[in-house]
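Heads up: the structure comes next, in structure tokens.
Residue indices begin at 1 and follow the sequence shown. All figures in this text were calculated on a predicted structure; none of them were measured in a lab.
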Amino acid sequence: MVGGVSSPVRAFKAVGGTPLFISRGKGSHIWSADGDRYIDYVCSWGPLIAGHSHPKVVQAVSAALPRGTSFGAPSENELKLAEKICACLPSIEKLRFVSSGTEATMSALRLARAFTRRDKLLKFDGCYHGHSDAFLTNAGSGLATLDVPSSEGVTAATAADTVTIPYNDTEALETAFSAHRGEFAAVIVEPVAGNMGVVPPEEGFLEAVRSLCTKDGSLLIFDEVITGFRLSLGGAQAVLGVRPDITCLGKIIGGGFPVGAYGGADELMRMVAPEGPVYQAGTLSGNPVAMAAGLATISLMEGGRGYRELDSSSGRLERGLREEAGRAGVAVTINRVGSMLGVFFTARRVTNFAQAKRTDRGLYAKFHRSMLDEGVYLPPSAFETLFLSTAHSDADLEATVRASRTAFEKCSARPS
């Protein structure tokens with residue numbers, strides 16, 4: 001495999017050492033091929049909100065498998081999950097299932113361009129929207145990890161249609177709309193950025209994006225591939241009170257299986273084939289096994305109790321990490337939104353990508369290696385998110401905080 005991995009961010013290039021090959025996962029733990037057990041804060045990059053191999057999810061998948069793994073035709077579970085998503089997110093009246101978050105954002109942009117008859121896209125530094133060409137400028141996630149400002153192979157014409165400005169910068173936002181009045185098909189944004197570490201929106205920022213899109217006739221696309229069903233059943237948009245025109249989903253809605261979706265108002269979505277002229281297709285879209293896993297995962301979070309418990313346990317972990325960093329005299333900034341945490345090795349606030357890049361990557365690498373030695377698996381990148389699941393116990397949190405004491409002490413003893 002290229003680089004020994006199937007996705008760049010899985011490599012340990014940014015933190016040193018050799019990536020773990022995982023043999024199994026259960027609850028809040030994973031086991032490496034060498035038989036070592038770790039408390040997992042990657043959780044498959046977010047979708048495993050109920051932990052690994054939750055019995056209800058396994059049961060749903062086990063029941064679906066004998067009925068068939070793929071049909072290339074509609075199935076009942078597609079309709080059930082679509083109804084569930086539309087009921088949870090009022091901004092979605094109709095949706096289309098795809099097989100990944102990248103497919104969802106790529107298709108949403110195509111739809112926005114067709115609907116508005118405009119070409120340009122506005123995005124924000126450090127936000128990652130998959131690896132479609134239009135989004136690969138100043139992006140987060142693996143590009144930030146590997147210091148790749150934009151991907152080779154993206155044509156100049158494609159790059160010219162993408163305008164990129166700082167996240168949380170309302171003044172830059174207004175300037176961009178003024179300079180490109182009537183040109184933007186869409187603005188795409190992570191309502192809570194999760195691919196440059198965790199960076200929440202500043203007060204009034206998303207409201208300004210919504211207002212300017214409405215005035216200009218541009219569509220607002222929320223990339224909720226991470227936050228959708230992670231922060232609430234209504235996504236970040238329900239928590240923050242800002243309604244997009246198109247919502248992109250992934251990860252959790254398939255319970256850890258490959259899945260994505262994009263949706264919006266009926267008038268807008270009727271432009272997608274076969275009802276309209278915007279073509280998008282996928283043999284494995286709406287895969288019956290993924291639909292079953294998604295329905296089971298969402299059912300586990302209904303009622304809100306799981307989200308309240310996650311917020312409480314995530315708060316305890318945040319406080320514990322802060323205390324241990326302070327005890328060791330290591331400057332950190334921890335941003336948390338619900339069960340998403342970002343740990344930056346800097347004393348200064350982090351509200352955008354430029355500030356996120358102030359983090360001391362060398363210290364994060366040392367912290368990561370020490371935590372791994374102590375049995376705690378963190379993202380192998382200083383620009384990714386720590387995710388908690390309902391399976392993380394008080395004992396897991398206590399063990400993680402104890403491990404961080406050792407790790408922060410090692411960080412305070414630079415150089416190594």
Side-chain angles (χ1 to χ4, degrees), residues 46 89 91-92 101-102 104-109 111-113 116 118 120-130 132 134-141 143-144 161-177 180 183-228 230-231 234-251 260 262-264 335 337 340 342 350-356 383 385:
L89 288 93
S91 67
I92 299 181
T102 291
T105 55
M106 176 183 70
S107 303
L109 176 57
L111 174 59
R113 284 173 166 161
T116 61
R118 301 173 180 178
K120 286 193 179 294
L121 168 72
L122 179 64
K123 67 176 290 289
F124 298 92
D125 295 339
C127 286
Y128 179 74
H129 306 292
S132 180
F135 304 122
L136 292 179
T137 56
N138 293 330
S141 191
L143 284 89
D161 278 335
T162 301
V163 176
T164 306
I165 62 173
Y167 188 77
N168 273 328
D169 191 333
T170 301
E171 183 177 344
L173 179 71
E174 292 171 345
T175 299
F177 268 95
H180 299 279
E183 295 181 21
F184 290 128
V187 176
I188 189 167
V189 64
E190 292 180 88
V192 175
N195 287 288
M196 49 175 138
V198 176
V199 179
E202 296 278 89
E203 184 176 355
F205 172 65
L206 292 178
E207 289 82 358
V209 179
R210 173 68 278 175
S211 176
L212 286 165
C213 282
T214 301
K215 290 177 182 177
D216 189 66
S218 307
L219 297 186
L220 174 56
I221 304 173
F222 268 12
D223 180 348
E224 294 226 42
V225 168
I226 288 179
T227 56
R230 163 57 67 176
L231 297 184
Q237 58 196 260
V239 174
L240 300 171
V242 178
R243 186 164 176 161
D245 298 299
I246 305 176
T247 299
C248 298
L249 300 167
K251 299 181 184 290
Y262 64 104
N335 288 349
V337 180
M340 300 168 56
V350 176
T351 64
N352 58 40
F353 190 36
Q355 293 169 353
F383 300 106
T385 295

Quick one: list whatever passes ring pair (Phe, Tyr, Trp, His ring centres under 6.0 Å) with Phe205, sequence neighbours left out. Phe124, Tyr167
Spacing of CD1 belonging to Ile246 relative to CG belonging to Leu219, to within rounding of 0.5 Å: 5.0 Å
Just wondering, do Lys120 and Thr162 contact through their side chains at under 4.5 Å, heavy atoms? no
Which heavy atom in Gly130 sits nearest to a heavy atom in Thr102, and how many Å separate them? CA-OG1, 3.1 Å
Taking the side chain as every heavy atom from C-beta outward, state whether Ile165 and Asp125 have any atom pair closer than 4.5 Å. no
Pairing residues for Arg113 by the salt bridge (charged side-chain N to carboxylate O under 4.0 Å, His left out) criterion, not counting sequence neighbours: none
Residue that, paired with Phe222, satisfies side-chain contact (heavy atoms from CB on, under 4.5 Å) out of Leu206, Val209, Asp245: Leu206
Short question: side chain of Glu224, backbone of Glu190 - any donor-acceptor pair under 3.5 Å? no
Contacts of Asp216 that satisfy salt bridge (charged side-chain N to carboxylate O under 4.0 Å, His left out) - sequence neighbours left out: Arg118
So SG of Cys248 and OH of Tyr262: to nearest 0.5 Å the spacing works out to 9.0 Å
Minimum heavy-atom distance Pro200-Val337, with the two atoms named: CB-CG2, 3.7 Å
If you apply the rule side chain to side chain donor-acceptor pair (under 3.5 Å), what do you find for Thr351 with Glu202, and how did you get there? CA-CA 8 Å; Thr351 64; Glu202 296 278 89; 5.0 Å; no
Please examine the side chains of Phe177 and Cys213, heavy atoms only from C-beta on, and report whether any two atoms are closer than 4.5 Å. yes
Output yes when a side-chain donor or acceptor of Thr175 lies under 3.5 Å from a complementary backbone atom of Glu171, and no otherwise. yes
Distance-minimising heavy-atom pair for Leu173 and Ala208: CD2-C, 3.9 Å
Leu121/Leu109 under side-chain contact (heavy atoms from CB on, under 4.5 Å): CA gap, chis, key distance, verdict: CA-CA 8 Å; Leu121 168 72; Leu109 176 57; 3.9 Å; yes
All side-chain contact (heavy atoms from CB on, under 4.5 Å) counterparts of Glu174, not counting sequence neighbours: Thr170, Leu212
Among residues at least two apart in sequence or on other chains, which ones pass side-chain contact (heavy atoms from CB on, under 4.5 Å) with Met340? Val192, Val198, Ile226, Thr227, Arg230, Leu231, Thr385, Phe387
So, do Pro191 and Val242 sit near enough that their side-chain heavy atoms are less than 4.5 Å apart? no
From the list Ile221, Ile188, Thr105, side-chain contact (heavy atoms from CB on, under 4.5 Å) partner of Lys123 resolves to Ile188
Any side-chain heavy-atom pair of Thr116 and Phe184 under 4.5 Å: no
Apply side-chain contact (heavy atoms from CB on, under 4.5 Å) to Ala238 and list each qualifying residue two or more places apart in sequence or on a separate chain. Ser232
Nearest-0.5 Å distance, CG of residue Leu220 to CD of residue Gln237: 9.5 Å
First locate atom OG of Ser91, then atom CZ of Arg243, and finally report the distance between them rounded to the nearest 0.5 Å. 6.0 Å
How about Asp223 and Cys127: do any of their side-chain heavy atoms sit closer than 4.5 Å? no
